[in-house]
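Keep in mind that this is a model prediction, so the values were computed, not measured.
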Amino acid sequence: MMDTGIDRALLEKIADLTGKPVGAFNIRKDSGCDGRQSTEHIEIISKTDGKSGIDIRVKDGTVGETCHIPVIITKSGVEEMVYNDFYIGENCDVDIVAGCGIHNCGDQTSRHDGVHTFHVGKNSKVKYTEKHYGEGDGKGGRIMNPETVVYLEEGASIQMETVQIRGIDSTKRSTKIVCGKGAEAIVTERLLTHGDQTAESDMEIVLDGEDSKGRVISRSVAQDRSSQVFYPRMVGNAQCFGHVQCDSIIMGDAKIKSIPAITANCTEAQLVHEAAIGKIAGDQLLKLETLGLTEEEAEDCILKGFLA
């Protein structure tokens, strides 16, 4: 497990792993299992329905544990479709760290499509982190298409952070969260594209239960000739509160389309959306340059702060 420098570098970037994970984990490498460990409270098993992927079951009352499930692809031409299902018991508080890294030095496309489905029990809290990264000097494409579906029972919550670091040629991201009574969903999306890369993000938060809450914070940077499309939607079907915020920085010859939408199907639904697209302000650059930074260093500093 993690026996090469490439493996270790990818796992550090996408899952902050510098050695064997503590607690439950499943490491997927080039369409196979490269290491797995269950714990007393978190069980990880291979699917038995013929699909590729795993089932993760978290027992009622599990608190303070972390489950790592990263995916790495180190060969050119690997294309896979993976299904991971999470069953979180009641009164839990757990962290789940996913992510996918592709190292492609060949001429064939390497592609990872994944569907993650969460069933979160009553009064449970889940923090879910997913980072995507691509590298390699080959001509083959690096493609990722993640789909995340979350069902929150009464009083449950998910704090979801998705990050595309760089190096992904094409991505189509789909997210749907359904909130029950008193449930809360907070989604933070950070995305960087460069070169000729394309990225699409389709997101829907459905506030079904009374006193449910939803918040989407999307920040992106499009450089060079890359293009991005964002379509976040908040649907209020009961007394609820929802907020969608999209902020983007556009550079070079890039293109960004942001289409936030709110739908109220109840008179007690309070929904807000806002979107902004613009370039880096000249006074920000000037201020940093007066401190001794070059224009390129100043840009990099601003972008890092924006995507932090």
Side-chain angles (χ1 to χ4, degrees), residues 41-42 55-67 84-98 115-130 146-163 173-191 201-220 230-247 258-276:
H41 302 113
I42 301 177
D55 288 338
I56 300 96
R57 297 186 181 274
V58 181
K59 293 182 180 179
D60 291 351
T62 300
V63 174
E65 293 200 28
T66 299
C67 179
N84 295 334
D85 291 312
F86 302 81
Y87 301 92
I88 314 295
E90 297 183 0
N91 302 305
C92 296
D93 190 345
V94 295
D95 289 359
I96 297 171
V97 182
V115 179
H116 286 184
T117 303
F118 290 81
H119 302 270
V120 185
K122 290 183 179 180
N123 301 314
S124 285
K125 298 179 181 180
V126 174
K127 182 180 179 182
Y128 175 62
T129 306
E130 182 180 84
E147 180 178 348
T148 306
V149 183
V150 181
Y151 300 98
L152 298 175
E153 293 189 19
E154 182 178 347
S157 66
I158 188 166
Q159 184 177 337
M160 180 174 167
E161 182 180 6
T162 63
V163 183
R173 315 167 66 89
S174 176
T175 305
K176 182 174 182 178
I177 303 177
V178 181
C179 297
K181 182 178 179 180
E184 182 176 25
I186 300 175
V187 182
T188 302
E189 179 179 58
R190 291 179 285 160
L191 192 147
S201 178
D202 186 280
M203 190 182 302
E204 183 179 36
I205 313 295
V206 182
L207 303 175
D208 260 350
E210 184 180 353
D211 295 325
S212 56
K213 297 178 182 178
R215 186 177 184 188
V216 174
I217 304 166
S218 177
R219 288 191 170 186
S220 75
F230 295 93
Y231 189 21
R233 304 180 301 285
M234 190 77 66
V235 180
N237 293 328
Q239 177 180 305
C240 61
F241 177 80
H243 182 215
V244 178
Q245 178 183 341
C246 300
D247 294 313
S258 186
I259 318 166
I262 50 178
T263 301
N265 297 317
C266 172
T267 57
E268 300 301 317
Q270 299 181 52
L271 307 175
V272 181
H273 77 69
E274 51 188 310

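Between the side chain of D60 and the main chain of E90, a donor-acceptor pair closer than 3.5 Å is present. In this structure a side-chain-to-backbone donor-acceptor pair under 3.5 Å is missing from S212 to E184.
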task: Start with the C-alpha distance between D211 and K181, add both sets of side-chain angles, then the distance that settles side-chain contact (heavy atoms from CB on, under 4.5 Å), and finish with yes or no.
output: CA-CA 6 Å; D211 295 325; K181 182 178 179 180; 5.6 Å; no

message: side-chain contact (heavy atoms from CB on, under 4.5 Å), that's the test. Do V58 and V126 meet it? Break it down for me.
response: CA-CA 11 Å; V58 181; V126 174; over 6 Å; no

- request: Begin with the C-alpha distance, continue with both residues' side-chain angles, and end with the deciding distance and a verdict on side-chain contact (heavy atoms from CB on, under 4.5 Å) for R173 and L191.
  value: CA-CA 11 Å; R173 315 167 66 89; L191 192 147; 3.8 Å; yes

query: Under the side-chain contact (heavy atoms from CB on, under 4.5 Å) criterion, do T175 and M160 qualify, and how do the steps go?
result: CA-CA 10 Å; T175 305; M160 180 174 167; 3.9 Å; yes

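Taking CG of L152 as the start and NZ of K213 as the end, the distance is 14.0 Å to the nearest 0.5 Å. Atoms CD and OG1, on Q239 and T267 in that order, are 9.0 Å from each other to the nearest 0.5 Å.
Taking Q245 as the reference, D247 meet the side chain to side chain donor-acceptor pair (under 3.5 Å) condition, with sequence neighbours excluded. Annotation: side chain to side chain donor-acceptor pair (under 3.5 Å) contacts of H273 (sequence neighbours excluded): none.
Between the side chains of S218 and E189, at least one donor N or O lies within less than 3.5 Å of an accepting N or O.
Note on R233 versus D202: salt bridge recorded, some NZ/NE/NH1/NH2 to OD/OE distance being below 4.0 Å.
When V244, L207, T263 are each tested for a side chain to side chain contact (heavy atoms under 4.5 Å, CB included) with L271, only one passes: L207.
Counting heavy atoms from C-beta on, the side chains of D95 and T129 never come closer than 4.5 Å.
Considering all non-hydrogen atoms of both residues, P146 and E130 come closest at CB-OE1, 3.8 Å.
Ring orientation note: the planes of F118 and Y128 are nearly perpendicular, at an angle over 60° on the 30°/60° scale.
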